[in-house]
Amino acid sequence: MDSEPLGLILVENGTKGDRLLFRFPFMGGTQRSSVSEMKRKNPYSFLVPEDTAISKHIGMLGTDFSNYSSKVLSHICAVKSELCGKKFELKVNEVRFVGHPILLPTSERPTGCRPGRNVSGMLLFSIVFALRATANHSIVDCYHDLSKRIGIAILYEEKRCNYLTKQSKRMLSIQDEYHEDESKGSPFERMLSECQLSRELKTIFDCIRSEGRIHVRLNGWVLVSFCLPQKAYSLHYPHLSIKPSDLHQCIRNLMPYHTILLLIERDELLSRLPLDSSPALKRLIRVLNPTRSIQSLAADADVALDHVLELCGYLVYWAFGTPIFPLCDANAYVIAPFTPSSVSGRLAEKFSEEFPGCSFIKVLSEYALPVSIGEKRTPFQTQEEESEMLEMILWLLKQRILMQIHTYVALIIPQDHQTTRRKFDSLELRSDSRTPSESDRFSNDSDEVASSLTTSGISDNLLPSSLSSAERLAILKVPRASDPEDLKLFAKLLPYFHGTHPLEEIMFRENIRRSQVFQLLDKFRSVLVLFQHEDIATSMFYRNFNDHALF
C-alpha cells in the first residue's frame, strides 16, 4: 500500500562527513551475509569496495528497503546545509525518499557547551522516510510534515539536554563495535535495547504502518502527535481514496446542525486518547448521540460551540468519526454508489454477525429508492423493532452503504416569462423605431402589471435589487405573492434558492420550522425547482472509491 512507509532513516552530517545513525527495518547478520553471497556470483572475483560501487549498487535496487546498504542510504539522505529547513525529496528507481533536514544552530549550543563550539561535530540531521515511488503528492506531503515534526522535537531536546548528541554518540560507538566484528549481527538491533531514540523512532514507524496515528513523547518530554488520514481511513474503508484536502473541506463545511457518528466504540476511543488530552474532548465523546446536533451537544457538554466544532473536526480528520445529520423522520436515505450486492461478501458477513436473522440483500432493497425514516415507520412496530431499524441505519451509514440525500431549492423562471421580458427589453431598445401599435401594446402590458400590483397593495420593494426584471416579474405574478407576509418570507429565504443550501441549513440559519419552509415552497412552486443530492460535507466519502469491486 502506497501510504505505508518502506523504511525510516536517521542520518547526520558533520565535520566527519555523512553518517547513518539508525535505520528501520534492518537485516540481521545471517540475512546480510546471504545477500552478500547472492551479489557475489563468482567466488574467485575481487570484492569491490562499497564506496566505489554506489552508483552500480543503486541501479540494482528495487522497492525492498533492506537491499539498500547503510553507506548508500547515508550518501542519499545526508544533504548539504543549503537544503536545511526545506523539503527533501529524491526518487531512486522505485523508492522515494522524503525528509526535512534540520540545521543545528551554532549560536545556540546545549547547556555545558561554549557558544559556537560543537562537541560532537554534528552540523545537521534528518529523519527520512522511504516510500514507494508511486505514492501520490498528498502522501508525500504528509510524510514531509511528519519528518519536520519529529525533527523539530529532536532539535528542542538537543537544545534542552543534549539529547541527540548523547544518543548519536552511543549509536556510533555500537556501530564501531559491530564493524570490527561483523559476526555479532546487526548493530541496529542492539540500538533498540540501548538507545532510547532508536526505540522511539521504531515506535513511530510501527504506529504509522499499523494504524496511521502517532502519539509518541520523545525523551519523555516532547509529544509528537500525527495522523496519516490515508492510512487511518483505509482501516475502515480499504478502497476509499481520501486526501487531507478532502477532509479539510469536510471540516470547513461542518455546521452546528450536523452531528458526529463514531467509527469505533466510545470506550475504545477514550482509551486511545493521550493522558493529557483535552477534558472538553472527553466530555464531548461521552455525550455524543446520533440523534442530537452539534449545537445540542455543545450545550450537553457545557463547551463553547466554536470549540465543539473544532473538536468534531479533530474526530473527522483522525478517522474517529464521520459527519451525518441527526436522525429524524425527515431524513431520506438511498443506497450509496459502488455498494456491493453480493450475498457472500465481507459486508454481508459482518451484517449477519451484527443483526442475526436479518437479510442483507432485503435490507438493501428497501433503500433502492430514496426513503425517509418516517416512511419506514408503521403503527404496528414495537419499540424493539424501531430501535433495531435505527441501529441498522446507523450501521449502514458507518459502512458507507447508505447515503443521505438532502433537498435543495433553485429559483427557475418559466420560459414564457423570459420570452415576455426579452420582448419588452427589445421594444425598449427599439423605442425610436417602434410603430404606434407596438408602443401601445407594450404600454398596455406594463400598465396591466403595474395596476395589478397597485390594486393588490404589494410593493416590489420587498424583493432584493439583485433580481433581474424577468425574475422580479415572474415572482410578482405568482398568485400567493399578493400576501405581504408570504412575499416577505419568500424574499427573506431567496438568498438560499441557488441550489447550494439544503433545507436543514435554511431552517437552522433562519430559525424556522420545516413545515413553514414546505408551505412556502408549495405557494411559490411555479418559480422554484426542488432537487435532491448528497451533502457537500460528506460527498467526498462516496465519490473517491478507486475500485468498483469494493467489498
Side-chain angles (χ1 to χ4, degrees), residues 5-24 51 54 58 65 68-92 95-110 113 116-133 135 137-169 171-172 175 188 191 195 197-198 200-202 204-205 208 214 216 218-219 222 224 226 228:
L6 301 176
L8 182 148
I9 310 154
L10 171 61
V11 294
E12 60 100 0
N13 199 344
T15 56
K16 297 181 181 180
D18 53 80
R19 291 175 291 187
L20 184 143
L21 299 178
F22 180 73
R23 61 181 290 182
F24 190 84
D51 55 350
I54 289 179
I58 292 177
F65 179 73
Y68 288 78
S69 66
S70 299
K71 190 66 176 178
V72 170
L73 292 177
S74 64
H75 278 293
I76 290 176
C77 302
V79 300
K80 301 300 181 181
S81 59
E82 289 80 7
L83 294 179
C84 287
K86 302 177 182 178
K87 180 181 179 181
F88 166 74
E89 183 178 351
L90 178 65
K91 179 178 175 292
V92 180
V95 178
R96 189 183 303 273
F97 297 91
V98 181
H100 187 87
I102 301 290
L103 182 67
L104 292 173
T106 56
S107 59
E108 300 182 19
R109 290 296 111 194
C113 300
R117 181 185 176 190
N118 191 345
V119 176
S120 65
M122 187 185 305
L123 301 177
L124 60 92
F125 70 95
S126 179
I127 302 292
V128 181
F129 288 94
L131 311 175
R132 297 183 185 274
H137 293 294
S138 65
I139 296 177
V140 173
D141 292 340
C142 287
Y143 277 101
H144 169 248
D145 181 43
L146 176 57
S147 173
K148 183 177 179 181
R149 288 170 182 257
I150 301 173
I152 292 175
I154 294 177
L155 177 62
Y156 178 85
E157 284 301 282
E158 172 68 10
K159 293 179 180 180
R160 188 179 71 88
C161 60
N162 284 8
Y163 181 58
L164 180 59
T165 300
K166 296 175 182 177
Q167 295 292 311
S168 62
K169 285 182 178 179
M171 292 176 181
L172 291 175
Q175 290 189 35
F188 306 112
M191 290 181 191
C195 299
L197 181 57
S198 299
E200 292 166 347
L201 293 178
K202 178 183 180 298
I204 290 175
F205 181 83
I208 204 69
I214 298 173
V216 176
L218 291 180
N219 197 26
V222 182
V224 177
F226 179 81
L228 182 66

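All values derive from a computational prediction rather than experimental measurement.
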Glu200 side-chain N/O to Leu218 backbone N/O, donor-acceptor pair under 3.5 Å: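 Here the side-chain-to-backbone pair does not exist.
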
CA sep, side-chain torsions, deciding dist, call: Leu201, Ile150, side-chain contact (heavy atoms from CB on, under 4.5 Å): CA-CA 9 Å; Leu201 293 178; Ile150 301 173; 4.3 Å; yes

Under a 4.5 Å cut-off applied to non-hydrogen side-chain atoms, are [X] and [Y] in contact?
{"X": "Leu131", "Y": "Tyr143", "result": "yes"}
{"X": "Met171", "Y": "Leu10", "result": "yes"}
{"X": "Leu6", "Y": "Val95", "result": "yes"}
{"X": "Ile76", "Y": "Ile9", "result": "no"}
{"X": "Ile214", "Y": "Arg149", "result": "no"}
{"X": "Lys71", "Y": "Ser74", "result": "yes"}
{"X": "Leu123", "Y": "Asn13", "result": "no"}
{"X": "Ile208", "Y": "Pro5", "result": "yes"}

Non-hydrogen atoms of Ile102 and Cys84 that approach each other most closely: C-SG, 4.1 Å

Heavy-atom pair of closest approach, residues Val140 and Ala135: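 Looking at all heavy atoms of both residues, the shortest contact is CG2-O, 4.0 Å.
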
Test side chain to side chain donor-acceptor pair (under 3.5 Å) applied to Lys202 - qualifying residues, sequence neighbours left out: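 For Lys202 the side chain to side chain donor-acceptor pair (under 3.5 Å) partners, ignoring immediate neighbours, are Asp206.
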
Atom [atom1] in [X], atom [atom2] in [Y]: separation rounded to 0.5 Å?
{"X": "Gln167", "Y": "Ile154", "atom1": "CD", "atom2": "CD1", "answer": "9.5 Å"}
{"X": "Glu82", "Y": "Leu103", "atom1": "CD", "atom2": "CG", "answer": "10.0 Å"}
{"X": "Leu146", "Y": "Ile127", "atom1": "CG", "atom2": "CD1", "answer": "9.0 Å"}
{"X": "Phe226", "Y": "Ile204", "atom1": "CZ", "atom2": "CD1", "answer": "10.5 Å"}
{"X": "Leu104", "Y": "Thr165", "atom1": "CG", "atom2": "OG1", "answer": "7.0 Å"}
{"X": "Arg23", "Y": "Met191", "atom1": "CZ", "atom2": "CE", "answer": "11.0 Å"}

Pair Lys16-Leu172, side-chain contact (heavy atoms from CB on, under 4.5 Å): steps then yes or no: CA-CA 12 Å; Lys16 297 181 181 180; Leu172 291 175; over 6 Å; no

Geometric class of the Phe188/Phe22 ring pair [parallel <30°, tilted 30-60°, perpendicular >60°]: perpendicular

Candidate pair Val79 and Ser126, rule side-chain contact (heavy atoms from CB on, under 4.5 Å), full reasoning: CA-CA 9 Å; Val79 300; Ser126 179; 5.9 Å; no

Derivation of the side-chain contact (heavy atoms from CB on, under 4.5 Å) call for Ser168 and Met122: CA-CA 9 Å; Ser168 62; Met122 187 185 305; 3.5 Å; yes

Lys/Arg N to Asp/Glu carboxylate O, Glu89 vs Lys87, below 4.0 Å: yes

Member of Phe129, Tyr68, Phe88 meeting the ring-ring contact (aromatic ring centres under 6.0 Å, His included) criterion with Phe97: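 Checked Phe129, Tyr68, Phe88 against Phe97; only one passes ring-ring contact (aromatic ring centres under 6.0 Å, His included): Tyr68.
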
